[in-house]
Amino acid sequence: MPDNYNNPIGVFDSGVGGLSVLRAIRAQIPQQPVLYLADQVHVPYGPRPLTEVQAFSEQITRFLLANGAKLIVVACNTASAAALTHLRKTFQSVSFVGMEPAIKPAAEQTRSGVVGVLATPATFQGALYASVVERFAQGVTVLQDACPGLVGQIEKGELDSIETESILRAALAPMLAKGIDTVVLGCTHYPFVIPLIKLIVGEYVRVIDPAPAVARQTRRLLEPGLMPESVNEVTDIVYYSTGSAAAMQGLLQKLMGETGMVKELHWNNGQLAK
Ligand code: DGL
């Protein structure tokens with residue numbers, strides 16, 4: 001048994017989106033301590049060049065590993081698109097779990113043959129998205145929308161405001177008109193607006209949140225000897241934000257229904273420091 005099996009896993013996102021993944025991880029692996037890092041000073045990642053997001057992701061990974069993380073969950077589609085291949089090459093002894101848009105289950109389940117994907121501009125530009133569509137969506141029409149402004153709304157905790165609703169209606173109405181029966185959430189922020197999405201698309205359109213599948217994959221990678229022992233221990237979660245700790249605390253309450261200890265981090269010459 002490796003001696004780091006009780007160590008935390010590192011989970012990161014540009015902001016609070018990765019909390020939708022953290023929620024699923026905690027439901028499936030409640031005994032697993034976590035370091036959660038939100039790079040809120042740089043949110044949103046979506047409109048940024050892939051090279052910049054890659055540099056942020058590498059430094060965040062270095063920070064999480066230096067603080068004891070035994071496995072890294074890239075709980076951000078944009079960072080996965082920009083950096084996953086690079087991270088696996090750079091940190092060869094580390095296991096990574098990344099996000100990829102759930103085009104495969106959508107293509108398998110659609111009956112109308114038309115699916116909609118909501119993600120960020122960088123995710124749509126990355127090679128990962130093109131390859132997933134190419135491999136799994138043969139014969140299926142895939143419509144996409146980058147939902148400009150939606151990540152910002154969720155970062156403000158505006159899950160059901162008029163502005164949030166109008167961004168979603170602008171994305172979904174043309175897709176509905178073309179006959180989608182499935183919506184893929186290709187950004188980890190978006191599961192927090194599932195109630196609003198369901199209100200717009202109605203009960204016959206399926207909404208796919210990949211977080212439970214990502215949590216299952218995390219569990220699979222921990223199972224060979226890296227799983228903490230006790231299921232009764234209180235889960236230890238440390239939250240870090242490169243933005244305001246107070247704002248992050250408010251969002252934890254709003255999105256997760258709990259209070260959490262948030263520590264502020266700062267970028268200094270391209271590196272993260274406490
Ligand atoms: N939550 C992220 C994603 O899954 C990033 C969104 C953003 O920062 O633009 O893509």
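Read the numbers this way: they start at 1 and go in the same order the structure lists the ligands and their atoms.
Around ligand 1, the residues contributing at least one heavy atom under 4.0 Å from the ligand are D13, S14, V43, P44, Y45, G46, C76, N77, T78, T120, V151, C187, T188, H189.
Side-chain atoms of Q138 never come within 3.5 Å of backbone atoms of V133 as a donor-acceptor pair (strictly under, hydrogens ignored). Within the 3.5 Å criterion, the main-chain N or O of A122 finds no donor-acceptor partner in the side chain of T78.
Exactly one of K263, E264, Q249, Q40 qualifies for a side-chain hydrogen bond (donor to acceptor under 3.5 Å, both in side chains) with S241. That residue is Q40.
P44 is not listed as a side-chain neighbour of H189, based on a closest heavy-atom distance of 4.5 Å or more.
The number of heavy-atom neighbours closer than 6.0 Å to NZ of K198, taken from other residues, nucleotides and ligands shown, is 12 or below.
Between F124 and Y129, the ring planes are perpendicular. Angles over 60° get that label, and only those under 30° would be called parallel.
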